Protein chains: 2
Amino acid sequence: MNFRDLEYFVQLVKDRNYTKTAQAFNISQPTITYAIKRLENELKVQLFIRDQSHHQLDLTLAGQEFNDHAQNILQELTTAKADLLALSQQKIRFGLPPIIGTYYFPQLAKVLIKENIMSHLQTIEGGSATLQEKLSTGELDVALLGAISPLKLKNIKTLPLVRTDFKVIVSPDHPLKNKQSINFAALKNESFIALKEGFVHPAAFRQLTTANHFQPQIVYTTPDINVLKGMVHENVGISLLSELALNNEQEVHAIDLADQDQPHFEIVLAYRPQVNPLIDKLINALSQPVDQFPFPGK
Amino acid sequence: MNFRDLEYFVQLVKDRNYTKTAQAFNISQPTITYAIKRLENELKVQLFIRDQSHHQLDLTLAGQEFNDHAQNILQELTTAKADLLALSQQKIRFGLPPIIGTYYFPQLAKVLIKENIMSHLQTIEGGSATLQEKLSTGELDVALLGAISPLKLKNIKTLPLVRTDFKVIVSPDHPLKNKQSINFAALKNESFIALKEGFVHPAAFRQLTTANHFQPQIVYTTPDINVLKGMVHENVGISLLSELALNNEQEVHAIDLADQDQPHFEIVLAYRPQVNPLIDKLINALSQPVDQFPFPGK
DNA sequence: TGTTATGATAAAATATATTTATATGATAAA
DNA sequence: TTTATCATATAAATATATTTTATCATAACA
């Protein structure tokens with residue numbers, strides 16, 4: 001059996017049209033016919049139903065079943081090639097969500113430079129969800145991911161690194177400015193500035209509003225944390241922000257959440273197990289506890 | 001790329017000898033040479049280190065990495081073929097550990113016969129660990145497994161069906177015969193009959209003795225539950241047995257475990273997701289709650 | 001120093017995949 | 001109903017890939 005035949009098959013499942021599939025590969029139509037026949041002979045099952053009302057090509061059950069396996073096989077081969085390329089180029093394809101890249105990763109950089117790993121990193125930015133997907137498909141070797149609940153991913157190992165709290169941030173002019181701690185329920189009537197971040201902040205915010213049965217009044221949404229802080233400072237509204245993104249500047253006042261069941265921003269190291277000493281070294285370096293957190297001097 | 005080349009490669013990794021590998025496939029030695037060259041050309045990496053003056057063939061890092069992927073690919077293909085065969089024969093390869101087969105499965109049989117599934121089952125007996133392995137390699141479609149902790153298996157879905165307690169069983173002549181409930185720690189000085197079952201009973205027993213810091217005195221070990229009951233009846237010793245294996249016979253007296261952190265015998269339905277209506281039907285039927293448990297009339 | 005083990009290479013033989021040209025069969029259009 | 005069109009199948013020719021046979025190269029071994 002040939003990988004090419006699997007590619008033809010998978011494409012044909014998408015196209016449902018031999019001629020179109022042949023065109024997609026720039027080959028002649030009978031090539032597809034013969035490829036499918038080869039598969040059907042080798043597997044001893046019929047893969048397609050050649051069409052009662054002849055404008056429709058249908059997959060048999062066996063065809064559906066085999067399509068799943070064929071996709072897994074092609075995925076594995078793609079991943080294998082990508083991994084070998086990264087290995088030979090001594091590059092680690094490293095996924096980093098913007099927030100973690102800005103507020104957490106810099107602390108790790110020192111160690112990585114000292115261990116001579118930094119120059120081997122090929123950093124790819126993206127939201128945690130996107131990066132998870134890329135890990136699974138072999139487009140990434142290692143990633144730092146933000147999460148509010150433990151991650152379980154097929155073929156991916158995860159290692160929680162840090163767990164940080166979410167804080168409520170308010171303007172120094174806000175009535176709550178002297179509060180040390182507050183229940184989220186008490187914020188029912190506040191105006192909120194929302195952070196349009198990949199996944200974690202919106203999910204945490206949603207979790208808190210749902211758990212406390214209220215529909216928050218969101219007056220503004222921004223993807224930029226500094227804009228968000230600025231608006232909170234100007235008392236346009238209050239917001240929810242990971243303590244990760246707070247340093248000891250005085251621009252906004254941070255209040256602890258007193259809720260029992262509150263979400264946490266967890267930074268998780270996720271990677272596909274590979275035979276690659278460089279990756280082992282990176283994972284080892286990253287899983288060492290960081291001295292100071294969240295920030296030196298905080 | 002060709003699956004055959006992958007097979008040659010994987011075998012060569014095992015053999016570390018081109019001639020031997022060729023013999024294993026009943027082909028000529030240059031065939032292996034050319035197959036490896038094809039792979040190395042296509043992947044653009046060196047897979048083997050040819051013999052640095054010692055008659056030894058070594059895998060490069062890339063070779064090790066690719067070997068993992070090649071094995072996954074071949075595994076997936078094997079599974080695909082097995083699944084298609086089972087599908088076309090309308091057979092569900094169904095794993096059943098002896099204890100569950102004897103003491104739990106009969107209750108399900110009625111439903112399965114009514115739903116016309118029973119005749120499609122090809123039952124394969126084995127310990128829970130063996131059956132797990134066979135699920136992963138595509139030798140089984142569905143299995144009932146015994147477990148004392150939640151199972152997490154790659155590519156396998158699990159669904160807990162029943163959770164039963166372990167009981168301490170003693171002879172009607174035993175001093176403890178009138179006890180309703182007991183802490184396992186109180187059994188420190190008892191003689192035990194041990195059940196040599198696949199996995200769950202020994203693990204549960206070990207968990208209890210370890211948690212209570214004693215080394216049990218095991219006077220006899222048997223794989224046969226009736227023998228075990230007989231010996232307990234004759235007061236040779238006491239034993240630990242899942243309530244699953246107890247019916248309302250008066251041969252032995254069952255005592256509840258009072259321990260806070262006690263193991264439980266969980267029956268878990270485990271299966272590889274497939275495109276197979278028959279399997280869906282079985283899973284659906286098995287996941288319906290069973291009316292009476294553990295036994296009618298208990 | 002010859003002998004053996006192990007793998008590489010060239011050329012030929014064989015097997016497999018693809019194309020070109022054409023056929024079939026079913027629907028839609030005239 | 002005829003004809004045109006679409007979608008796939010088939011046969012034969014061709015192109016490509018794999019395997020074998022025969023032979024060579026190299027290093028270990030005795």
Side-chain angles (χ1 to χ4, degrees), chain A residues 1-60 62-64 66-67 70 73-74 77 81, chain B residues 1-60 62-64 66-67 70 73-74 77 81:
Chain A
M1 194 183 287
N2 202 305
F3 286 91
R4 218 171 336 172
D5 286 354
L6 295 190
E7 282 164 11
Y8 295 162
F9 170 76
V10 168
Q11 182 69 37
L12 180 59
V13 171
K14 285 183 201 144
D15 291 340
R16 305 290 168 127
N17 180 313
Y18 283 62
T19 311
K20 198 168 162 219
T21 298
Q23 283 162 357
F25 288 99
N26 262 305
I27 54 172
S28 68
Q29 166 265 312
T31 301
I32 305 297
T33 301
Y34 286 124
I36 301 304
K37 284 205 165 173
R38 279 194 292 272
L39 289 176
E40 290 185 325
N41 285 336
E42 174 150 5
L43 300 170
K44 296 185 198 74
V45 294
Q46 194 180 335
L47 295 172
F48 290 95
I49 294 166
R50 274 78 173 183
D51 171 37
Q52 302 105 349
S53 59
H54 216 305
H55 258 329
Q56 183 107 338
L57 184 65
D58 285 323
L59 267 184
T60 62
Q64 289 172 47
F66 187 64
N67 187 38
I73 288 171
L74 294 177
L77 182 62
K81 287 180 176 176
Chain B
M1 194 181 290
N2 202 305
F3 285 92
R4 221 171 333 170
D5 286 354
L6 294 190
E7 281 165 12
Y8 295 163
F9 170 76
V10 168
Q11 183 69 37
L12 180 59
V13 171
K14 285 183 201 141
D15 291 340
R16 306 288 167 127
N17 180 314
Y18 283 64
T19 312
K20 200 169 161 217
T21 298
Q23 284 162 357
F25 287 101
N26 262 306
I27 55 173
S28 68
Q29 167 263 312
T31 300
I32 305 297
T33 300
Y34 287 122
I36 301 304
K37 286 202 165 176
R38 280 194 291 272
L39 290 177
E40 291 184 325
N41 285 335
E42 175 151 5
L43 301 170
K44 297 188 198 71
V45 293
Q46 194 180 335
L47 296 171
F48 290 97
I49 295 166
R50 270 80 175 184
D51 173 33
Q52 323 235 35
S53 75
H54 297 80
H55 254 177
Q56 177 111 343
L57 186 65
D58 286 321
L59 265 184
T60 61
Q64 290 173 46
F66 187 63
N67 187 39
I73 288 170
L74 294 176
L77 183 62
K81 287 180 176 174

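Below, read A as the first sequence line, B as the second, and so on, with proteins coming before strands; counting in each chain starts at 1. Please read all numbers here as calculations on a predicted model, not as lab measurements.
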Quiz item: So, is B/R50 close to the C/dA8 phosphate, meaning a side-chain N or O under 4.0 Å from OP1 or OP2?
Solution: yes
Self-check item: Sub-4.0 Å heavy-atom contacts from residues 1-14 of chain A onto DNA chain D, ordered by number
Solution: none
Quiz item: When you check the phosphate oxygens OP1 and OP2 of C/dA5, does a side-chain N or O of B/N17 lie under 4.0 Å from one of them?
Solution: no
Self-check item: Distance (rounded to the nearest 0.5 Å) between B/I36 CD1 and B/N41 CG
Solution: 11.5 Å
Self-check item: Closest approach of B/R4 to B/N2 (non-hydrogen atoms, all atoms of both residues)
Solution: N-OD1, 2.9 Å
Quiz prompt | A/A35: side-chain contact (heavy atoms from CB on, under 4.5 Å) partners, not counting sequence neighbours | solution = A/D5, A/Y8, A/R38
Self-check item: Gap between atoms CG and P, on B/D58 and C/dG7 respectively (whole Å)
Solution: 12 Å
Quiz item: Minimum heavy-atom separation for B/L77 to A/M1, with atom names?
Solution: CD1-SD, 3.7 Å
Exercise. Starting from C1' on D/dA7, measure out to CG on A/D15 and report it in whole angstrom.
Key: 14 Å
Exercise. Can you tell me the distance, in whole Å, between the CD atom of B/E42 and the C1' atom of D/dT16?
Key: 15 Å
Side chains of residues 18-26 of chain A: which donor-acceptor pairs under 3.5 Å do they make with residues two or more places apart or in other chains?
residue : atom : partner : partner atom : Å
A/Y18   : OH   : A/R50   : NH2          : 3.2
A/T21   : OG1  : A/D15   : OD2          : 2.9
A/T21   : OG1  : A/N17   : O            : 3.1

Quiz prompt | Dot-bracket line, read 5' to 3' along DNA chain C, where crossing pairs take [ ] and | marks a partner on another strand, Watson-Crick or G-U under 3.5 Å | solution = ||||||||||||||||||||||||||||||
Quiz item: Does the side chain of A/R38 get closer than 4.0 angstrom to OP1 or OP2 of C/dT16 through an N or O atom?
Solution: no
Quiz prompt | Results of side-chain hydrogen bond (donor to acceptor under 3.5 Å, both in side chains) for A/T60 - residues two or more places apart only | solution = none
Quiz prompt | Pairing residues for A/K44 by the side-chain contact (heavy atoms from CB on, under 4.5 Å) criterion, not counting sequence neighbours | solution = none
Quiz item: Is the phosphate of D/dC6, meaning OP1 or OP2, less than 4.0 Å from a side-chain N or O of A/T19?
Solution: no
Quiz item: Looking at residues at least two apart in the chain, or sitting in another chain, which of them share a side-chain hydrogen bond (donor to acceptor under 3.5 Å, both in side chains) with B/Q29?
Solution: B/T33
Quiz item: What pairs with B/F9 under ring pair (Phe, Tyr, Trp, His ring centres under 6.0 Å), at least two apart in sequence or on another chain?
Solution: B/F48, B/F66
Quiz prompt | Short side-chain N/O contact to D/dT8 OP1/OP2 from A/R16, under 4.0 Å | solution = no
Quiz item: Roughly, in whole Å, what's the span from CG in B/L57 to C1' in D/dA27?
Solution: 15 Å
Self-check item: Residue-level proximity of residues 22-35 of chain A to DNA chain C when a heavy atom falls under 4.0 Å
Solution: A/I27, A/S28, A/P30, A/T31, A/Y34
Quiz item: What's the shortest heavy-atom distance between B/L59 and B/L47, and which atoms?
Solution: CD2-O, 3.4 Å
